[in-house]
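Atoms within a ligand are numbered from 1 in the order they appear, just like the ligands themselves. Treat the numbers as computed from the prediction; the structure is a model and nothing was measured.
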Amino acid sequence: MILIDGKKAAAELRAELKQEVTELREKHNKVPGLTVILIGDLTPSQIYVRNKEKSANEVGLKSEVIKYPESVEEKTVLDKIKELNSDETVSGILVQLPLPKHINKQKVIETIDPSKDVDGFHPMNVGNLSSGYESSVPCTPLGCYLLIKKFEPNLNGKKAVVVGRSNLNGKPMTQLLLKENCTVTITHSKTKDLKAECLEADIIVAAVGIPELVRGDWVKKDAIVIDVGINKTDKGIVGDVHFDEVSKNAKAITPVPGGVGPMTIACLLKNTIDCFKRSQI
Ligand code: GUN
């Protein structure tokens, strides 16, 4: 079994991005800028945002975090997004989710200029991705995709099973695997025999948020298993894959933590740089 080291892959990607930012600074006399909007004081969101800011600074991006209290009015947030849309120093805008109940997530996402949508959540980017056109791609599935491609560059005809159908992970992951000529099965909580589906897979991407759902006897010997889950349990943080069991069977597996997580943030930086480059053409 091979451990797919997301921490190492993310460090390599960040080094490449840092070099790219240096070159962009020389060419354009400015650097890409990322603005994150954080509403409320949920601890996980605060941690994510702090890590995003730290990584953005490390690769040389201009980085800004705008914080609002939980009680902020929706209009204040939408007006700020519109202001950032027309700010030339801002290449990418990310509004950290989840949002307080009184703020309409869809409205927020649709207010972000699609060309600055580093999350790839805007319907324009979702549509472009599914049509095979250039688009921002959501950071977590993009990170999974890069890890899979690094391990197995040719995915032609491979059978992939995506567990989970969220807009954040499962659906965009499916599009990326389809582009690589995989035969993709999307499964979810209502799937009849999840074990049987997974047993067919050359590649499993688990993104359902159920602790250790994918067991050792669900996985073929030569399968690649990517675990997107981050679940808090009595045992600590575990993924959607039973690591101890599956690592005995699979050809390769991502650990939790240290697998997909670090790649997600590196991909956010990549998306910011890509938005900047497209805006300079
Ligand atoms: N909260 C958890 N993951 C994400 C993400 O990928 N993007 C945003 N905006 N919020 C999140």
Does a side-chain N-to-carboxylate-O contact under 4.0 Å join [X] and [Y]?
X    : Y    : result
K220 : E200 : no
K235 : E212 : yes
R215 : E245 : yes
E83  : K80  : yes

(message) Holding to salt bridge (charged side-chain N to carboxylate O under 4.0 Å, His left out), I want the full list of residues that pass it with K270, two or more places apart in sequence or in another chain.
(response)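 With sequence neighbours excluded, K270 shows a salt bridge (charged side-chain N to carboxylate O under 4.0 Å, His left out) to D274, given in chain and number order.
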(request) Kindly determine whether E64 and T35 satisfy side chain to side chain donor-acceptor pair (under 3.5 Å), including the steps that lead there. (result) CA-CA 5 Å; E64 179 190 26; T35 298; 3.1 Å; yes
List, pair by pair, the atoms of ligand 1 and of the protein that are both N or O and lie under 3.5 Å apart, giving the separation rounded to 0.1 Å.
{"from": "ligand 1", "atom 1": "1 (N)", "to": "Q96", "atom 2": "NE2", "distance (Å)": "3.2"}
{"from": "ligand 1", "atom 1": "1 (N)", "to": "L97", "atom 2": "O", "distance (Å)": "3.0"}
{"from": "ligand 1", "atom 1": "7 (N)", "to": "D119", "atom 2": "OD1", "distance (Å)": "3.0"}
{"from": "ligand 1", "atom 1": "7 (N)", "to": "D119", "atom 2": "OD2", "distance (Å)": "3.4"}
{"from": "ligand 1", "atom 1": "9 (N)", "to": "V95", "atom 2": "O", "distance (Å)": "2.8"}
{"from": "ligand 1", "atom 1": "9 (N)", "to": "D119", "atom 2": "OD2", "distance (Å)": "2.6"}
{"from": "ligand 1", "atom 1": "10 (N)", "to": "L97", "atom 2": "N", "distance (Å)": "3.0"}

